[in-house]
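One structure is given below, encoded as structure tokens.
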Amino acid sequence: MAKEKLLLLDGNSLAYRAFFALPPLTNDSGIHTNATYGFTTMLQKILEEEQPTQMLVAFDAGKTTFRHESYGEYKGGRQKTPPELSEQFPYIRKLIDAYNIKRYELDLYEADDIIGTLAKQAETNGIDVIIVSGDKDLTQLATDNVTVYITRKGITDIEKYTPAHIEEKYGLTPAQIIDMKGLMGDASDNIPGVPGVGEKTAIKLLKEYGSVEALYEAIDGMKASKMKEKLVENEESAHLSKKLATIFTEAPIDITLDDLAYAGPNEDALLEVWRELGFKSLIEKSDMQSAVQEQEEIQLSIVDHVTAAMLKETMALHVELENEHYHSCDMLGIALTDGTDAKYISVDKALQSDELKAWLEDASKKKYVVDSKAAQAMLARHGIKLEGVAFDLLLASYIVNPAISGDDVATLAKEFGYTNVQANEVIYGKGAKWSVPEEAVLADHVSRKAIALWHLQPVVEKKLKENEQYDLYNDLELPLAKILGDMEIEGISVNVETLKQMGQALLEKIAVIEQTIYEQAGEEFNINSPKQLGVILFDKLGLPVLKKTKTGYSTAADVLEKLQSEHDIVKHILDYRQLAKLQSTYIEGLTKEIHADDGKVHTRFQQALTATGRLSSTDPNLQNIPIRLEEGRKIRQAFVPSKEGWVLFAADYSQIELRVLAHMCQDPTLVEAFKEGMDIHTRTAMDVFGVTNPDEVTANMRRTAKAVNFGIIYGISDYGLSQNLDITRKKAAQFIENYLQSFPGVKGYMESIVADAKREGFVTTILNRRRYLPEINSSNFNLRSFAERTAMNTPIQGSAADIIKKAMINMDARLKKEGLQAKLLLQVHDELIFEAPVEEIEILERIVPEVMESAIELAVPLKVDYSHGYSWYDAK
DNA sequence: GTAATCACG
DNA sequence: ACGTACGTGATTACT
């Protein structure tokens, strides 16, 4: 049998090390994970390298130890453990348990003492011992059979202390480490030592005298010096300090070496904890991922013929898709359950069944689904109009907590403690290994999803009601999903020819600029590579470096703009960048997304993604089509109506976020300004610059005021404003102060919303959407400041999102009621884009502003601007 | 996969 | 003193 090897870990010390060595990390639920992650990687590495036969992690027990009896101030004056670390200790314990590693703590004793005691016992029994800690004190335990591993700066970087290494490093024996600490003390443990004696002096003294005791026996013979005085004066302290630093190797532990046998982790439990903590890279690296989570049996039947008897009044329905691109991918299967057994129906059978089609289209038959919009869009491609969605797990989870990420049923289910369903990755694999399994496996997986939905519907709805968010979910998000589905399915026509011509013109221009840049640089290089560009600009041409990134020089537009006067090449690079962006993203990228069959693009609006409640748009993103610069704006000429004689109609909220702010803070000046229909940036300029007449406000003053207003919405900071306006921080701070003095209501609101967030842990919008801010009470300045700005911004941005969502629902109803052909196509945060027959424009001009302005009544009026034209470009 | 950049509100 | 504007998505380069 191989020689036994005992690994002893200092749990507290390693957790602290990991916490301070790694940047602040959090998982999807906002729990900090830097200590747990560092601890885990360290553990993984050491397990692999050492292959121990026995293991234990020791922890410090409560606050007081036997050392406090002889010295009350022991470890006094220590900083309180940061809450971001405290919250991680339970997970570290969970991790250790999942590894099947013994952990131990003992009242009145520190982890050191437990480790010392066990190390001694093991050595007596001829077992090799390795001790791992971040605390050098432990090196006193080193012997020929006991090696002490101390982590260096990182956590996986380790220095191995054997007696020989200690001799080499300090010229001392391990036992003399204690004497060294007795003389020099330890600030972190509040051990006094002898003032004025540091590491160097302590080592010198010990080389000469051997120990603290021997030193004091010989002290009379020492020649008079300042140091001798200090030593004499602090003799008592030296002895006490040595005593405190001595690790006790006779602790009354009630575990034996036999209890410490280590035979490897419980892989399922470990994966479970890793998933909870969001250690995706570790899960992927490990070969445990294939380990199938223990699943309860389910009752399911694969049906050949859908009968009316199978289709109940209320059922969980799952439509399994190949991937997230539901406008183009395949459907893999369908499962239904009413809480008894589950029915799995293959795609072929499902599409042949008129009974199923009728049931799916029957609004009175209630369906519990996940991602109703995806199911709606997929079924629509097969001529089935999904109706009667009564529960959508994706949306409900998002409302409970928008930080919950992922659209996999397994991921969402787990948030609510339901685990009887596998992650897609487990069933299909990922990347190149992705494949659809045999039907039995697929049927089981899809059925489990339906069963999960059935179980979760009451659980999640209860949670929504507890948080008073059921209305937001049921009356806003759920009906909105269907409207968004209709919009996506409808799509918007894009003229390929227009794009093609623009692309050709762009390519020619780009080629010319490219040559000019190469000439001015004196060589050819990849202009698209910031790294290569940096070398040309800052090394070769010697332009001044104004800003750096983590990896090198910054070549971002704001930096280049400041360098324009330095060299002609800069302007050309800016032009190149602008045109290259248009070409790659908006000409080539957009063209790829045009469906060949209808000449349209069908974006996907992500409804359960943003932290604030906004939508986002992907494949293609239609919410960032250029508008600010004329060259880019022309891209909009390619967006056209789908029918002859139709036009595009666009309506946007004017200053919706500032109006929301006015409503929430009730600042009299701000409210009044909106009620009187004033230009809000001019009004702000008057207050910030102290002028009484709007005519005195210059264009520049208004521009500055506009930036201040943005700053207010974003959670103002003087630095941010100074960067934006390219002014000094001091000036920016002055503007902010002027603003807050002029609008005391805003100041009060900002203060109270941050205070609320600190108390409740979350902020809310007008319709009670929540965003949790776990870092609002962090002791880390950056994290806390970020959370504070978020607390100020989210209610504003989120409430604006609430308003336009409500407007979309009301608008959809209104279009139906009026019997119009006009269709809503796009939403871009504060604007709605429709297409309509030209003869309906007059009606739209009347009803769209009316519906949008009355979506939610605020303390200030909402204002909507609108226009129409043959293309999106012309609807300005 | 991450970083840098840039498009939008 | 700390280092920053809020919220997104796509492309490219590079490891």
Side-chain angles (χ1 to χ4, degrees), chain A residues 280-281 284 402 431 525-534 547-560 573-574 576-590 592-593 603-606 609-629 631-633 635-636 652-658 661 707-725 729 732 736 763 771 778-798 800-801 804 826-831:
Chain A
K280 296 193 184 93
S281 58
E284 276 162 34
F525 65 101
N526 188 344
I527 308 169
N528 289 318
S529 164
K531 197 175 158 191
Q532 293 181 35
L533 180 60
K547 200 166 91 180
K548 300 195 103 186
T549 65
K550 275 180 234 170
T551 50
Y553 308 120
S554 170
T555 66
D558 63 325
V559 177
L560 296 187
I573 289 166
L574 285 166
Y576 174 90
R577 282 251 180 93
Q578 193 203 331
L579 300 184
K581 176 84 176 177
L582 292 177
Q583 176 66 21
S584 65
T585 304
Y586 297 104
I587 302 290
E588 290 170 2
L590 192 57
K592 279 186 212 141
E593 295 291 341
T603 188
R604 290 181 347 265
F605 288 106
Q606 305 293 337
L609 187 146
T610 71
T612 55
R614 274 191 178 179
L615 303 175
S616 84
S617 159
T618 58
D619 303 315
N621 180 354
L622 296 181
Q623 292 182 320
N624 72 344
I625 303 300
I627 188 165
R628 290 171 192 170
L629 299 172
E631 295 97 315
R633 191 174 196 156
I635 298 284
R636 293 180 174 226
D652 68 288
Y653 283 110
S654 158
Q655 309 296 350
I656 187 166
E657 292 190 338
L658 284 172
L661 172 64
V708 172
N709 277 328
F710 272 108
I712 293 295
I713 289 168
Y714 294 158
I716 196 108
S717 82
D718 51 8
Y719 182 87
L721 184 63
S722 74
Q723 286 296 299
N724 187 289
L725 286 174
R729 209 170 153 156
I736 294 167
V763 289
R771 178 177 186 179
S778 169
S779 57
N780 179 314
F781 176 87
N782 284 330
L783 294 179
R784 189 179 62 247
S785 303
F786 186 54
E788 286 169 359
R789 291 198 295 275
T790 310
M792 297 186 244
N793 172 263
T794 295
I796 299 172
Q797 191 184 116
I804 194 162
L826 299 176
Q827 186 251 46
V828 191
H829 310 308
D830 66 354
E831 65 174 325

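Residue numbering restarts at 1 for every chain, and letters A, B, ... go by the order of the sequence lines.
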Taking N and O atoms by type only, does the side chain of A:Arg604 place a donor or acceptor under 3.5 Å from a partner on the base of C:dG9? no

Under 4.0 Å between any heavy atoms, over every strand shown, what does [X] touch: base, sugar-phosphate, or nothing? Just pick one.
X        : value
A:Arg729 : base
A:Leu609 : sugar-phosphate
A:Asn621 : sugar-phosphate
A:Asp830 : sugar-phosphate
A:Ile796 : nothing
A:Ala791 : nothing
A:Gln723 : nothing
A:Gly589 : sugar-phosphate
A:Ser717 : base
A:Asn780 : nothing
A:Arg628 : base
A:Leu615 : nothing

P atoms of B:dT5 and C:dA5, separation to the nearest Å: 13 Å

Taking C:dC2 as the reference, what is the distance to B:dC6 when you measure between their P atoms (whole Å, please)? 28 Å

For DNA chain C, the expected dot-bracket line (Watson-Crick or G-U under 3.5 Å, [ ] crossing, | inter-strand) is .....|||||||||.

Within-4.5 Å side-chain heavy-atom neighbours: A:Val708 and A:Leu721: yes

